[in-house]
S.K.: 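Sharing a structure with you now.
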Amino acid sequence: QELPEMALLKFFRPESTPVPAKPTPEQLSNLIKTSLHYPESFSHSFHRKSLCLVPVTLLLSNCSQAVVDVMIDLRHKTTSPESLEIHGSFTWLGQTQYKLQLKSQEVYSLQLKACFVHTGVYNLGTPRVFAKLVDQVTLFETSQQNSMPALIIINSI
């Protein structure tokens, strides 16, 4: 009985193993896309109840192929005099900071409540969103680009 021919196995390895490119600051500031969903205007009887509560949904979309750590901070206030003249001030009710993790392409819906004490036009676009890649060793998350102002009109009945 003959032995089968023995062939040498050859292993190939590319000379230059591609090193994953480090994301640019611009790419890091576009990991998470945010959008606010709320009524354009809201009518409330301030005579019967002094606080007007409006439900707002903050939609977070992971635009990357990686797992991303996200931090949402609602404590940020717009304090420039021009914006206060136009928009007035309002408060987010409940928890003021959130930390979560979004998988690749995941969309997450966060239910918020905005509290108003009088009529006016307000900018709901105050939540600050920070994100970093899970495997990225960094002390600070990158601030995500904020969308356009999110104006709501509060009317009195």
Side-chain angles (χ1 to χ4, degrees), residues 8-44 51-118 120-154:
L8 288 175
L9 289 177
K10 291 185 180 176
F11 295 96
F12 291 99
R13 189 183 79 171
E15 287 307 309
S16 60
T17 314
V19 176
K22 199 172 182 187
T24 66
E26 187 182 347
Q27 288 170 322
L28 288 175
S29 68
N30 287 299
L31 291 173
I32 301 294
K33 181 177 179 282
T34 60
S35 60
L36 286 167
H37 298 270
Y38 57 92
E40 277 182 33
S41 66
F42 196 86
S43 296
H44 178 78
L51 296 181
C52 170
L53 303 181
V54 179
V56 177
T57 301
L58 174 60
L59 215 55
L60 302 154
S61 307
N62 182 353
C63 300
S64 75
Q65 298 295 326
V67 181
V68 175
D69 281 330
V70 182
M71 194 198 85
I72 299 115
D73 188 357
L74 301 177
R75 298 170 304 170
H76 180 63
K77 287 279 174 244
T78 312
T79 52
S80 64
E82 313 86 61
S83 69
L84 284 175
E85 280 173 32
I86 303 167
H87 308 298
S89 184
F90 74 96
T91 305
W92 292 107
L93 279 194
Q95 192 173 332
T96 56
Q97 284 188 308
Y98 297 85
K99 284 185 187 246
L100 40 115
Q101 202 172 75
L102 295 182
K103 294 179 187 74
S104 167
Q105 306 292 309
E106 184 180 354
V107 176
Y108 186 83
S109 176
L110 190 60
Q111 303 305 315
L112 305 172
K113 279 214 183 320
C115 178
F116 305 91
V117 291
H118 44 74
V121 177
Y122 298 88
N123 179 13
L124 295 175
T126 61
R128 292 194 320 189
V129 178
F130 301 91
K132 74 176 187 62
L133 299 173
V134 166
D135 56 7
Q136 183 185 17
V137 181
T138 178
L139 292 174
F140 301 102
E141 290 95 348
T142 305
S143 179
Q144 300 302 288
Q145 290 187 339
N146 207 346
S147 52
M148 301 298 285
L151 301 180
I152 185 173
I153 301 165
I154 303 296

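One-based numbering along the sequence shown.
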S.K.: Using every non-hydrogen atom in the two residues, find where Ala66 and Leu133 come nearest and quote the distance to one decimal.
M.R.: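 Taking every non-hydrogen atom into account, CB-CD2, 3.7 Å.
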S.K.: List for me each residue that meets side-chain contact (heavy atoms from CB on, under 4.5 Å) alongside Glu40, sequence neighbours excluded, and say none if there are none.
M.R.: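 Counting only residues at least two positions away or on another chain, Glu40 forms no side-chain contact (heavy atoms from CB on, under 4.5 Å).
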S.K.: If I compare all heavy atoms of Cys63 with all of Gln105, which pair ends up nearest, and what's the gap?
M.R.: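 Smallest heavy-atom distance, with atoms named: O-NE2, 3.5 Å.
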S.K.: Mind listing the closest non-hydrogen atom pair of Thr96 and Arg75 along with its distance?
M.R.: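 Between these two residues, the closest heavy atoms are CB-CG, 3.6 Å.
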S.K.: Assess whether side-chain contact (heavy atoms from CB on, under 4.5 Å) is satisfied between Leu112 and Tyr98, documenting all intermediate values.
M.R.: CA-CA 11 Å; Leu112 305 172; Tyr98 297 85; 3.9 Å; yes
S.K.: Write down the atom of Gly125, the atom of Ala150, and the distance for their closest heavy-atom approach.
M.R.: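 Shortest heavy-atom separation between Gly125 and Ala150 comes out as N-CB, 3.8 Å.
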S.K.: Rounded to the nearest 0.5 Å, what separates atom OG in Ser41 from atom CD1 in Ile154?
M.R.: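 Rounded to the nearest 0.5 Å, the OG-CD1 separation comes to 8.0 Å.
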S.K.: Are any non-hydrogen side-chain atoms of Val54 and Leu124 less than 4.5 angstrom apart?
M.R.: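 Val54 vs Leu124: side chains apart.
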S.K.: Between CD1 of Ile32 and OG of Ser64, what distance do you get to the nearest 0.5 Å?
M.R.: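 That separation rounds to 6.5 Å.
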S.K.: Tell me, please, which residues at least two apart from Gln101 pass side-chain contact (heavy atoms from CB on, under 4.5 Å).
M.R.: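 side-chain contact (heavy atoms from CB on, under 4.5 Å) check on Gln101 returns Val67, Asp69, Val134.
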S.K.: Lys103: which residues meet the side-chain contact (heavy atoms from CB on, under 4.5 Å) condition with it, sequence neighbours left out?
M.R.: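 Counting only residues at least two positions away or on another chain, Lys103 forms a side-chain contact (heavy atoms from CB on, under 4.5 Å) with Glu106.
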S.K.: If we ignore hydrogens and angles and just use 3.5 Å, is the side chain of Tyr38 paired with the main-chain N or O of Leu151 as donor and acceptor?
M.R.: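 Such a contact is found between Tyr38 side chain and Leu151 backbone.
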S.K.: So, using ring pair (Phe, Tyr, Trp, His ring centres under 6.0 Å) as the criterion, who are the partners of Phe116 when residues are at least two apart?
M.R.: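 Listed in chain order: Phe90, Tyr122.
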S.K.: Between Gln97 (side chain) and Leu74 (backbone), is there a donor-acceptor pair under 3.5 Å?
M.R.: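 Absent.
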S.K.: Which residues pass the side-chain contact (heavy atoms from CB on, under 4.5 Å) test with Gln111, not counting sequence neighbours?
M.R.: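 Residues passing side-chain contact (heavy atoms from CB on, under 4.5 Å) with Gln111: Thr57, Ser109.
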S.K.: Which distance, rounded to the nearest 0.5 Å, do you find between the OH of Tyr108 and the CD1 of Ile72?
M.R.: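 It is 8.0 Å, given to the nearest 0.5 Å.
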S.K.: For the residue pair Thr126 and Trp92, what are the closest heavy atoms and their distance?
M.R.: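 Heavy atoms of Thr126 and Trp92 come nearest at OG1-NE1, 3.0 Å.
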S.K.: With respect to Val70, which candidate in Thr34, Leu100, Asn62, Leu31 satisfies the side chain to side chain contact (heavy atoms under 4.5 Å, CB included) definition?
M.R.: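 Option passing the side chain to side chain contact (heavy atoms under 4.5 Å, CB included) with Val70: Leu100.
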